[in-house]
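Please find one structure pasted underneath; my questions will follow.
We use all heavy atoms of the structure for the numbers below, so side chains are in, but hydrogens, waters and symmetry mates are not. Sequential numbering from 1 along the given sequence is applied to the chain's residues. All of these numbers come straight from a predicted model, not from anything done at the bench.
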Amino acid sequence: MLIHPWDAPTDDTEWQDWLSRHDFGQLAVNGPPGAPPLVQPLHFAYDPARREAVTHLARPNPIWRALEASPAVLLSVVDDYAFIPGPWQAAEEDPPEHGVPTSFYAAVQLTCTAHVVDDPQEKAALLTRQTGHFQPEGGSAPITADGPPYGRQLPGIRGLRLEVTDVRAKFKYAGKRSETVQRRIAERLAERAAPHDAQARAHQLRRLAAEQG
């Protein structure tokens, strides 16, 4: 993923805050030599203090063999995207038809070392962490290795700890354009109001305000 200076996060807090609210991504695994790579969509819970993400998958999933062969993986999350028509991007001195179309999006890529979790107690603890992230209001029975209703279901899944070794983050929202062009794009996004336009506009205006201090 190419990251220009104007698309880079302002600091770690920016991408960590975004990732805390975007917890569904795709896990890319190379697998054995000669085999095609695997891409697994999944929910995950990221812990910035531990620098790891936790998740779980069904035991029959083909990803386990791939992880045994190559535990180096990439967890990719992309959202808040919008297509930007060329005329919206034209410089003030250029005719609208000279503008170049582009895509807006936010993306975080976590390079990780995968650790498979099979111990029942450790799996229960991992699931408790994941459930606590997605269901902080509670309402479900405690997750234990030997108690109902989850104890008998634990053998059917395997846990996965993703130890983060590198982070690449990008917020592509016309950061290299002039303020006039950026505000024009923001106005057009508000007028179009297509899915994701409001989120893309919010990122653009937030980063513009941060740049202006």
Under 4.5 Å between any side-chain heavy atoms of Val39 and Val29, yes or no?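 Not in contact.
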Ring geometry between Tyr173 and Phe171 (parallel below 30°, tilted from 30 to 60°, perpendicular above 60°):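 Plane angle between 30° and 60°, so tilted.
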Arg183 with Glu179: basic N within carboxylate O range, under 4.0 Å: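 Salt bridge flag = yes for Glu179 with Arg183.
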Should Leu75 and Val164 be counted in the same cluster of Ile, Leu, Val, Met, Phe, Trp and Tyr side chains packed under 4.5 Å apart?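 Shared cluster, yes.
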Side chains of Gln40 and Gln26: does their closest heavy-atom pair fall under 4.5 Å?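 Answer no - side chains too far apart.
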Minimum side-chain heavy-atom gap Val116-Trp64 below 4.5 Å: yes
What I'd like to find out is whether the side chain of Thr102 reaches to under 4.5 Å of the side chain of Phe104, using heavy atoms alone.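 Yes, side chains in contact.
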Tracing side-chain links under 4.5 Å among I, L, V, M, F, W and Y, which residues wind up in one group with Tyr105? Val78, Tyr81
Determine, stepwise, if the pair Asp197 / Arg192 fulfils salt bridge (Lys or Arg N to Asp or Glu O under 4.0 Å). CA-CA 8 Å; Asp197 280 357; Arg192 186 174 67 180; 2.8 Å; yes
Please report the C-alpha distance between His133 and Asp23 in whole Å, then the side-chain angles of each, then the deciding distance to 0.1 Å, and finally whether the side-chain hydrogen bond (donor to acceptor under 3.5 Å, both in side chains) criterion is met. CA-CA 10 Å; His133 169 76; Asp23 38 30; 2.6 Å; yes
Could you go through Arg129 and Glu52, starting from their C-alpha distance and side-chain angles, then the distance that decides it, and tell me whether this counts as salt bridge (Lys or Arg N to Asp or Glu O under 4.0 Å)? CA-CA 12 Å; Arg129 287 172 58 189; Glu52 72 174 15; 2.8 Å; yes
Could you list who else is in Phe134's hydrophobic cluster, with ILVMFWY side chains joined at under 4.5 Å, directly or through other members? none
Is the shortest side-chain heavy-atom distance between Leu19 and Phe44 below 4.5 Å?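 They are in side-chain contact.
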Verdict with supporting geometry, Arg21 and Asp79, salt bridge (Lys or Arg N to Asp or Glu O under 4.0 Å): CA-CA 10 Å; Arg21 294 176 283 105; Asp79 206 347; over 6 Å; no
So, do Ile84 and Gln89 sit near enough that their side-chain heavy atoms are less than 4.5 Å apart?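 Yes, at least one pair of side-chain atoms sits under 4.5 Å.
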Output for pair (Thr165 OG1, Arg51 CZ), nearest 0.5 Å, gives 8.0 Å
Residue pair Val73, Leu67: steps toward the side-chain contact (heavy atoms from CB on, under 4.5 Å) verdict: CA-CA 8 Å; Val73 301; Leu67 288 174; 3.5 Å; yes
In the structure I gave you, are the side-chain heavy atoms of Glu163 and Cys112 within less than 4.5 Å of one another anywhere? no
Determine, stepwise, if the pair Arg206 / Glu14 fulfils salt bridge (Lys or Arg N to Asp or Glu O under 4.0 Å). CA-CA 11 Å; Arg206 172 181 59 78; Glu14 184 177 17; 2.7 Å; yes
Do Leu74 and Leu27 come close enough that some side-chain heavy atom pair is under 4.5 Å? no
Under 3.5 Å, is there a donor-acceptor pair between the Asp80 and His203 side chains?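 Yes, side-chain donor-acceptor contact under 3.5 Å.
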